[in-house]
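I have placed the structure first, in the form of structure tokens, so that the comments after it can refer back to it.
Keep in mind the model is a prediction, meaning the values are calculated, not measured.
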Amino acid sequence: MAVMEYIDAIRLAMKEEMERDENVFVLGEDVGVKGGVFTTTKGLQEQFGEMRVMDTPLSESAIAGVAIGAAMYGMKPIAEMQYSDFMLPATNQIISEAAKIRYRSNNDWSCPIVIRAPIGGGIFGGLYHSQCPESIFFGTPGLKIIAPYSAYDAKGLLKAAVRDPDPVLFFENKKCYKLIKEDVPEDDYIVPIGKANVLREGADITVIGYSQPLHFVMQAAEELEREEGITSHVLDLRTLQPLDREAIIASARQTGKVLIVHEDNKTGGVGAEVAAIISEECLFDLDAPIQRLCGPDVPAMPISPTLEKFYMLSKDKAKEAMRALAEY
């Protein structure tokens, strides 16, 4: 084990998979010489060369298209989108092609690509560098979607994604890169795709979420238990598609009071589907209406520091929502 930052765990996962399988390669804007805008690919080109760590033009549709074509001929591309906001020009390739190749070919073809992209605000990046676009892809059958919270999961899930025979979108919250640090094995392991993880056991309320907002949830849960005796059962979804229905149902039944948390907009977000699952399966187990704490329904992340703070989730917002649910 080594104490490792979230960003280092991601880099190590790519390094290990590239050493394990010569068909794995990385492509994207500034991933080579610069090592990525957030340094997630730092040192990879020096070790593996320009043919396996490829700087591309500023064209997300080309990055996705090249990755899809390479995957159909037996390669294992890891395509980096510099910011998840920039994925929109590639939605046709991702949704119309990558997600449907196995289905349209009757299993004759597959598309083993991983598309990595940083999500989330808090860096004063404004409307083109701060979005959480996972809901755009969430309703597309054929895509797997991962959004890890911990460094351990970031490494294990990325390795699982590279080995998966179908397209995987891997969303990394940019605030997690340096914020999250923990023990991570330096040897080979994977975290299974589609399995949620209980971060904290509790009896009063259930909080379900993913990615960086869980950092605030865990802080709030500790304070609520210490100060008010409120215990929180916290479930990290880890994988958004497919959702771990069994874990969601079990966690909802654990307390009968559910708060769903994510940074993406509230309307039409992943939380709405989680709420639907609970409503379908656990209606008579609930002791309170399902609650959601999410980003506001505004067109984009504000660039003003004051407005960005208003938009972003925080420990205090999570604590207030969790206390209100416990008192219902």
Side-chain angles (χ1 to χ4, degrees), residues 4-10 12-14 17 78 84 114-120 132-135 137-140 143-164 166-177 179-185 189-202 206-218 221 232-252 254 258-264 269-275 277-278 292-294 313 318:
M4 198 173 298
E5 291 179 341
Y6 186 100
I7 191 170
D8 296 324
I10 290 170
L12 180 58
M14 289 188 284
E17 290 304 293
I78 303 174
S84 61
V114 178
I115 297 179
R116 295 179 40 253
I119 61 173
C132 292
E134 54 266 29
S135 60
F137 304 96
F138 178 65
T140 302
L143 294 177
K144 295 175 182 175
I145 304 175
I146 297 172
Y149 158 66
S150 72
Y152 178 92
D153 288 345
K155 180 186 175 185
L157 282 166
L158 182 53
K159 289 169 71 70
V162 172
R163 300 179 194 186
D164 197 277
D166 293 302
V168 179
L169 305 185
F170 194 90
F171 289 117
E172 308 155 5
N173 192 293
K174 57 182 75 75
K175 291 290 285 185
C176 286
Y177 281 148
L179 178 68
I180 306 301
K181 182 185 296 186
E182 62 183 336
D183 287 335
V184 176
Y189 72 94
I190 65 167
V191 174
I193 295 173
K195 295 294 182 182
N197 182 42
V198 175
L199 297 180
R200 185 183 179 95
E201 295 281 0
T206 293
V207 184
I208 300 175
Y210 60 92
S211 198
Q212 193 260 352
L214 288 172
H215 176 72
F216 301 128
V217 168
M218 294 295 283
S232 305
H233 183 90
V234 181
L235 182 70
D236 178 8
L237 292 172
R238 299 199 290 197
T239 300
L240 309 184
Q241 194 62 268
L243 286 168
D244 188 345
R245 293 177 61 93
E246 291 75 16
I248 292 168
I249 293 166
S251 293
Q254 177 89 358
V258 180
L259 173 68
I260 302 166
V261 181
H262 58 65
E263 190 177 325
D264 193 8
V270 174
E273 183 63 25
V274 174
I277 291 171
I278 296 169
R292 285 180 286 168
L293 176 65
C294 308
L313 302 186

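The shortest heavy-atom contact between Ile193 and Pro242 is CG2-CD, 4.4 Å. Glu134 approaches Ile145 most closely through the heavy-atom pair O-CD1, 4.3 Å. Considering all non-hydrogen atoms of both residues, Val162 and Glu17 come closest at CG1-OE1, 3.9 Å. In terms of heavy-atom proximity, Ala154 sits nearest to Phe170 at O-CZ, 3.5 Å. Nearest heavy atoms, Glu182 versus Ser150: OE2-CB, 2.9 Å. Summarising the geometry of Leu158 relative to Ala13, their closest heavy-atom pair is CD2-CB, 3.8 Å, with the distance given to 0.1 Å.
Contact of the Arg116 side chain with the Met14 side chain is registered, since non-hydrogen atoms from C-beta on lie closer than 4.5 Å. Side-chain contact check for Ile180 versus Asn173: every heavy-atom pair is 4.5 Å or farther apart. Ile278 is listed as a side-chain neighbour of Val274, based on a closest heavy-atom distance under 4.5 Å. Side-chain contact between Asp244 and Leu235 is absent, with no heavy-atom pair separated by less than 4.5 Å. Under the 4.5 Å side-chain criterion, counting only non-hydrogen atoms from C-beta, Ile119 is in contact with Pro133. Side chains of Gln241 and Phe137 form no contact here, defined as non-hydrogen atoms less than 4.5 Å apart.
Residue Glu5 holds its CD atom at 11.0 Å from CD1 of Ile10, rounded to the nearest 0.5 Å. To the nearest 0.5 angstrom, Lys181 atom NZ is 16.0 Å from Tyr6 atom OH. Between the NE2 atom in His215 and the CG atom in Leu199 there is a gap of 12.5 Å [rounded to 0.5 Å]. For the atom pair Glu172 CD and Gln212 CD, the distance stands at 14.0 Å (nearest 0.5 Å). To the nearest 0.5 Å, the span separating CZ on Arg200 from CG on Leu214 amounts to 12.5 Å. Ser251 contributes atom OG, which lies 10.5 Å from atom CG of Asp236 (distance to the nearest 0.5 angstrom).
Under the rule for a ring-ring contact (aromatic ring centres under 6.0 Å, His included), the partners of Tyr152 that lie at least two apart in sequence or sit in another chain are Tyr189. Residues passing the side-chain contact (heavy atoms from CB on, under 4.5 Å) test with Pro213, sequence neighbours excluded: Ser211, Val261, Glu263, Leu313. Listed by chain and residue number, Met81, Ser84, Met87, Phe171 satisfy the side-chain contact (heavy atoms from CB on, under 4.5 Å) test with Ala117 (two or more places apart in sequence, or in another chain). The ring-ring contact (aromatic ring centres under 6.0 Å, His included) test applied to His262 returns Tyr210, not counting sequence neighbours. The side-chain contact (heavy atoms from CB on, under 4.5 Å) test applied to Gln254 returns Glu201, Thr206, His233, not counting sequence neighbours. Under the side-chain contact (heavy atoms from CB on, under 4.5 Å) criterion, Thr140 pairs with Ile95, Ala99, Lys100, Leu143, sequence neighbours left out.
The environment of NZ in Lys144 is crowded: more than 12 heavy-atom neighbours from other residues, nucleotides or ligands sit within 6.0 Å.
The backbone N or O of Gly269 sits nowhere less than 3.5 Å from a side-chain atom of Ser135 that would complete a donor-acceptor pair.
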